[in-house]
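The structure under discussion appears below in the form of structure tokens.
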Amino acid sequence: MRNSTVLTCATLLATLAAGALTGCSGTPSDKPATGPTGESSAGSATAGPSAGASTGSSTGSSTGKRWQPRPGAAWQWQLDKRADPAGADVPVYDIDGFENSAADVARLHRDGRKVICYVNVGAWEDFRPDRSDFPRALLGASNGWKGERWLDIRQLSTLRPIMERRFDMCRDKGFDAVEPDLVEGYDNDTGFPLTANHQLAYNRMISEIAHDRGLSVGLKNDLPQIPQLLRDFDFAVNEECAQYGECAELTPFIEAGKAVFHVEYEVPTSSFCPESRRLKLSSMLKKRELGVWREAC
């Protein structure tokens, strides 16, 4: 979920006391029950892979042109459990890179969808299979979520090979793009004296790692650094810009022909969809566990 302040994470923790989530938008470690299967009546009107807005050019191959999702492309964001191909009739799926196999990605591709690989790049998670790859000196304060600690992103040379292996996983499973989470540690109490410049250097490294593998990459939240990072990222992923009155700050992505995949958790669609349509955001309402349920604009 949104990680701009520790307070926000604490609030979400209270909401989700019955189930521990990964990151502020990760896969639950003690997975809660998924939301209602399928879409609401509002979501069912969203154009699917064969009927809807262009998602942009492809390929997702390291030898070809990277996929460039275009503004307005409808999407599904499901981080709870393996992807449900029947969950939403949309051209873009964003799913957990560890929880889903190459076969899961191939199934979505057969349905004509592009697939984004969710990976946490800003915090260590004690439930991931590569958890022992992280030296203890890299681990900072808890980010408020069970089993997670902020990473010292100043240590680029140490973190780079770890993240390269994670992005290799995304590439080898056939993903078209990566959603790197928690790329705004400098704005949180991490236990390290992180600055905006440290974050810029780390985020650009993350973008480079993705692009070197033919993967598109999205900038997750981190609104203050959009002007500096716009050229490095192929799309944006945003949580709760409507609730915090920040959606207009994402306009540079839209003006550059790059999609903004946006989700709200608390604000009803009637409140944020008119502005989302005006700004050409790809917006929907989700439950915080990020299961199958969605209500799209």
Quiz item: Between Tyr118 and Asp181, is any side-chain donor less than 3.5 angstrom from a side-chain acceptor?
Solution: yes
Self-check item: Mutual orientation of the aromatic rings belonging to Phe261 and Phe235 [parallel < 30°, tilted 30-60°, perpendicular > 60°]
Solution: perpendicular
Self-check item: Gln76 side chain near Val292 side chain, heavy-atom distance below 4.5 Å
Solution: yes
Quiz item: Would you call Phe98 and Asp130 a side-chain contact if the rule is heavy atoms closer than 4.5 Å?
Solution: yes
Quiz item: Do the side chain of Gln199 and the main chain of Gly185 share a donor and acceptor less than 3.5 angstrom apart?
Solution: yes
Self-check item: Side-chain heavy atoms of Ile206 within contact of Lys220, under 4.5 Å
Solution: no
Practice problem: Look up atom CD1 in Ile95 and atom CG in Asp80, then write down how far apart they are to the nearest 0.5 Å. | Solution: 13.0 Å
Quiz item: Hey, mind stepping through Arg107 and Asp104 against salt bridge (Lys or Arg N to Asp or Glu O under 4.0 Å) and telling me if it holds?
Solution: CA-CA 5 Å; Arg107 167 65 189 276; Asp104 295 321; over 6 Å; no
Quiz item: Are any of the side-chain heavy atoms of Gln225 and Tyr186 separated by less than 4.5 Å?
Solution: yes
Quiz prompt | Close side-chain approach of Arg131 and Glu125, heavy atoms under 4.5 Å | solution = no
Self-check item: Validation row, ring centre His262 to ring centre Phe272 under 6.0 Å
Solution: yes
Quiz item: Excluding sequence neighbours, so at least two apart, what forms side-chain hydrogen bond (donor to acceptor under 3.5 Å, both in side chains) with Asn197?
Solution: none
Quiz item: Around atom NZ of Lys173, are there more than 12 heavy atoms of other residues, nucleotides or ligands at under 6.0 Å?
Solution: yes
Exercise. May I have the step-by-step check of side chain to side chain contact (heavy atoms under 4.5 Å, CB included) for Asp212 and Phe167, ending in yes or no?
Key: CA-CA 10 Å; Asp212 284 349; Phe167 284 29; over 6 Å; no
Quiz item: Do Phe175 and Ile116 touch side chain to side chain, with heavy atoms closer than 4.5 Å?
Solution: no
Exercise. Check whether any side-chain heavy atom of Arg294 sits under 4.5 Å from a side-chain heavy atom of Val90, and report yes or no.
Key: yes
Quiz item: What's the spacing between Asp187 CG and Thr195 OG1 if we round to 0.5 Å?
Solution: 12.0 Å
Practice problem: Could you tell me which non-hydrogen atom of Ser283 sits nearest to which non-hydrogen atom of Ser276, and how far apart they are? | Solution: OG-OG, 2.8 Å
Quiz item: How far does CG of Leu279 sit from CD of Glu255, to the nearest 0.5 angstrom?
Solution: 10.0 Å
Quiz item: side chain to side chain contact (heavy atoms under 4.5 Å, CB included) between Met163 and Leu151: does it pass, once the steps are laid out?
Solution: CA-CA 12 Å; Met163 296 307 161; Leu151 291 172; 4.0 Å; yes
Quiz item: Do Leu281 and Cys247 touch side chain to side chain, with heavy atoms closer than 4.5 Å?
Solution: yes
Practice problem: Nearest 0.5 Å please: distance from the CD1 atom of Ile153 over to the CG atom of Leu138. | Solution: 11.5 Å
